[in-house]
Q: 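Please read through the structure below; I'll follow up with questions.
Proteins come first, then strands; the chains are lettered A, B, ... in the order of their sequence lines, and each starts at number 1.
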Amino acid sequence: MPELPEVETIRRVLAAGSATVPSLTGQTIQNAEVFWQGSIANPTAGSFSASVAGREVRALDRRGKFLILNLDQGSLIFHLRMSGDLRMSLGGAPAAHDRLRLHFRSGWDLTFTDPRKFGRVWLVSDPTPILAGLGPEPLDESLSTEAFGERLRQHSRQLKPLLMDQHFLAGLGNIYTDEALFLARLHPLRLSSTLSQAEAERLLAAIRQTLRDGISHNGSSIDWVYRGGNFQNHFNVYQRTGQVCPVCGHTIEKIRVGQRGTHFCPVCQPYMKD
DNA sequence: AGCATTACCCGCACGC
DNA sequence: TGCGTGCGGGTAATGC
């Protein structure tokens, strides 16, 4: 369940631990069990286990939707794609959709579970090449509204697919893009080249507010994948097709943009040319 | 040529 | 039972 707020929530939970679960930081990997070889992107599934054994987790980082475990040597990178999740547990038999399990010397396990098998894991000496193509981090304050507006106008693309393009901006997915466009009062099909600077500033502010709200609610839990977050109770448009807009009372509509379901309020988010 | 859009694909679970 | 859908993204084809 990964967009930026969900990945960030997972990062924080794993890093902080809890009263009953230790932090992932400082754990040393004793060995690894690969249940589904397709989940291992690098190195080959055969050498992954041997290479990761003995490594210690030093810190947890996030870049866009990538979760990065910094090790004493190299990095272990996860991309959860559509249905991946990571959990600490103490023993127990693997469940049906568990794809990878790291056993630590402490006796605790980190399990990567992923029903749809789209997620990937990389063990690399240098994470740079994997992250190189990502656009700026939306919550990074060094991303100025001026630079953002300039980047928007460098393209002539529909806002929805552009914002979801990880090369343009790192971290937004289908849910948070719809919610951010609603807050910004911008139509998802509006061409990025037509945005005024005021609209660009509104959009970046809306993106940041939406992501922060998502993180503060520990992300969203929808479909059959449970994450522990409750931002789904605060959606304005996503999965609210046919319901009333909380701002104007008009009916929320759903269209298809770039193969993705897209929810918006046609009154609050009018399509204005130029 | 280069950019933008569309189609399709990849497992699986779920709702209608 | 069958079919459409989906918190993602890569690749290939098509369009402008």
Q: Is it true that the side chains of A:His263 and A:Gln239 contain a donor and an acceptor less than 3.5 Å apart?
A: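 No, no side-chain donor-acceptor pair sits under 3.5 Å.
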Q: Specify the separation, in whole Å, of atom CG of A:Asp178 and atom P of C:dC7.
A: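 Nearest whole value for this atom pair: 8 Å.
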Q: Could you work out, with salt bridge (Lys or Arg N to Asp or Glu O under 4.0 Å) as the rule, every residue matching A:Glu253, not counting sequence neighbours?
A: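 Expected list: none.
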Q: Rounded to whole angstrom units, what separation is found between the CZ atom of A:Arg157 and the P atom of B:dG2?
A: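 Those two atoms, CZ and P, are 17 Å apart.
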Q: Rounded to whole angstroms, how far apart are CG on A:Leu191 and C1' on B:dA4?
A: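 So the CG-C1' distance, A:Leu191 to B:dA4, works out to 10 Å.
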Q: On the nucleotide B:dC10, are OP1 or OP2 found under 4.0 Å from the side-chain N or O atoms that A:Arg120 carries?
A: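 False: A:Arg120 side-chain N/O out of range (4.0 Å or more) of B:dC10 OP1/OP2.
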Q: Rounding to the closest angstrom, what is the interatomic distance between B:dG11 and C:dT1 at atom P?
A: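 My reading of the P atoms in B:dG11 and C:dT1 gives 24 Å.
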Q: Are the side chains of A:Ile207 and A:Leu169 in contact, using a 4.5 Å heavy-atom criterion?
A: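 Yes, close enough: below the 4.5 Å cut-off.
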Q: A:His155 side chain N/O closer than 4.0 Å to the phosphate oxygens (OP1, OP2) of B:dA4?
A: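 Checking B:dA4 against A:His155, a side-chain N or O does come within under 4.0 Å of OP1 or OP2.
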Q: Just name whichever nucleotide pairs with B:dA4, Watson-Crick or G-U, keeping both distances under 3.5 Å, else none.
A: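 Base partner found: C:dT14.
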Q: Quick one: look up who C:dC7 pairs with, Watson-Crick or G-U, both distances under 3.5 Å, and put none if it's unpaired.
A: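 Pairing partner: none.
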Q: For B:dG11, decide between syn and anti, treating a glycosidic angle within 90° of 0 as syn.
A: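 In terms of base orientation relative to the sugar, B:dG11 is syn.
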Q: Any strand counts, and the cut-off is 3.5 Å on both contacts for Watson-Crick or G-U wobble. Which nucleotide pairs with C:dG2?
A: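 C:dG2 is paired with B:dC16.
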Q: Tell me: CZ of A:Arg256 to P of C:dG4, nearest whole Å?
A: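 So the two atoms are 11 Å apart, to the nearest Å.
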Q: Answer with base, sugar-phosphate or nothing: what part of the nucleic acid does A:Lys160 contact at a heavy-atom distance below 4.0 Å?
A: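 Here A:Lys160 touches no strand at all.
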Q: Side chain of A:Arg99, backbone of A:His97: donor and acceptor closer than 3.5 Å?
A: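 The answer is yes, because a donor-acceptor pair under 3.5 Å joins these two groups.
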Q: Take the protein atom CD1 of A:Ile255 and the nucleotide atom P of B:dT5, then report the distance between them rounded to whole Å.
A: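 Rounding to the nearest Å, CD1 of A:Ile255 and P of B:dT5 are 13 Å apart.
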Q: Just how far, in rounded Å, is C1' of C:dT5 from NZ of A:Lys254?
A: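 One finds 7 Å between C1' of C:dT5 and NZ of A:Lys254, rounded.
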Q: In whole angstrom, what separates A:Ile215's CD1 from C:dC7's P?
A: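 Roughly 19 Å, once rounded to whole Å.
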Q: Please answer whether the main-chain N or O of A:Leu24 pairs with a side-chain N or O of A:Gln27 as donor and acceptor at a distance below 3.5 Å.
A: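 It does not hold such a pair.
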Q: Could you walk me through whether A:Phe235 and A:Ile222 pass the side chain to side chain contact (heavy atoms under 4.5 Å, CB included) check?
A: CA-CA 11 Å; A:Phe235 290 163; A:Ile222 61 171; 4.2 Å; yes
Q: Can you measure A:Asp98 atom CG to B:dC12 atom P for me and round it to whole angstrom units?
A: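 Taking CG of A:Asp98 and P of B:dC12, I get 14 Å after rounding.
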Q: Under 3.5 Å between N/O atoms: give me all the protein pairs with nucleotides 8-15 of chain C, atom names plus distance.
A:
residue, atom, partner, partner atom, Å
C:dG8, OP1, A:Lys65, NZ, 2.8
C:dG8, OP2, A:Asn174, N, 3.4
C:dG8, OP2, A:Arg260, NH2, 2.7
C:dG8, N2, A:Arg81, NH1, 3.3
C:dG9, OP1, A:His79, NE2, 2.9
C:dG9, OP2, A:Lys65, NZ, 3.0

Q: Donor-acceptor pair, distance only, cut-off 3.5 Å: does the side chain of A:Asp98 make one with the backbone of A:Thr111?
A: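 No, the answer is negative, given that no donor and acceptor are paired below the 3.5 Å cut-off.
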Q: Considering only the P atoms, how many Å lie between B:dA7 and C:dG4, rounded to the nearest integer?
A: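 After rounding to an integer number of Å, I get 16 Å for this pair.
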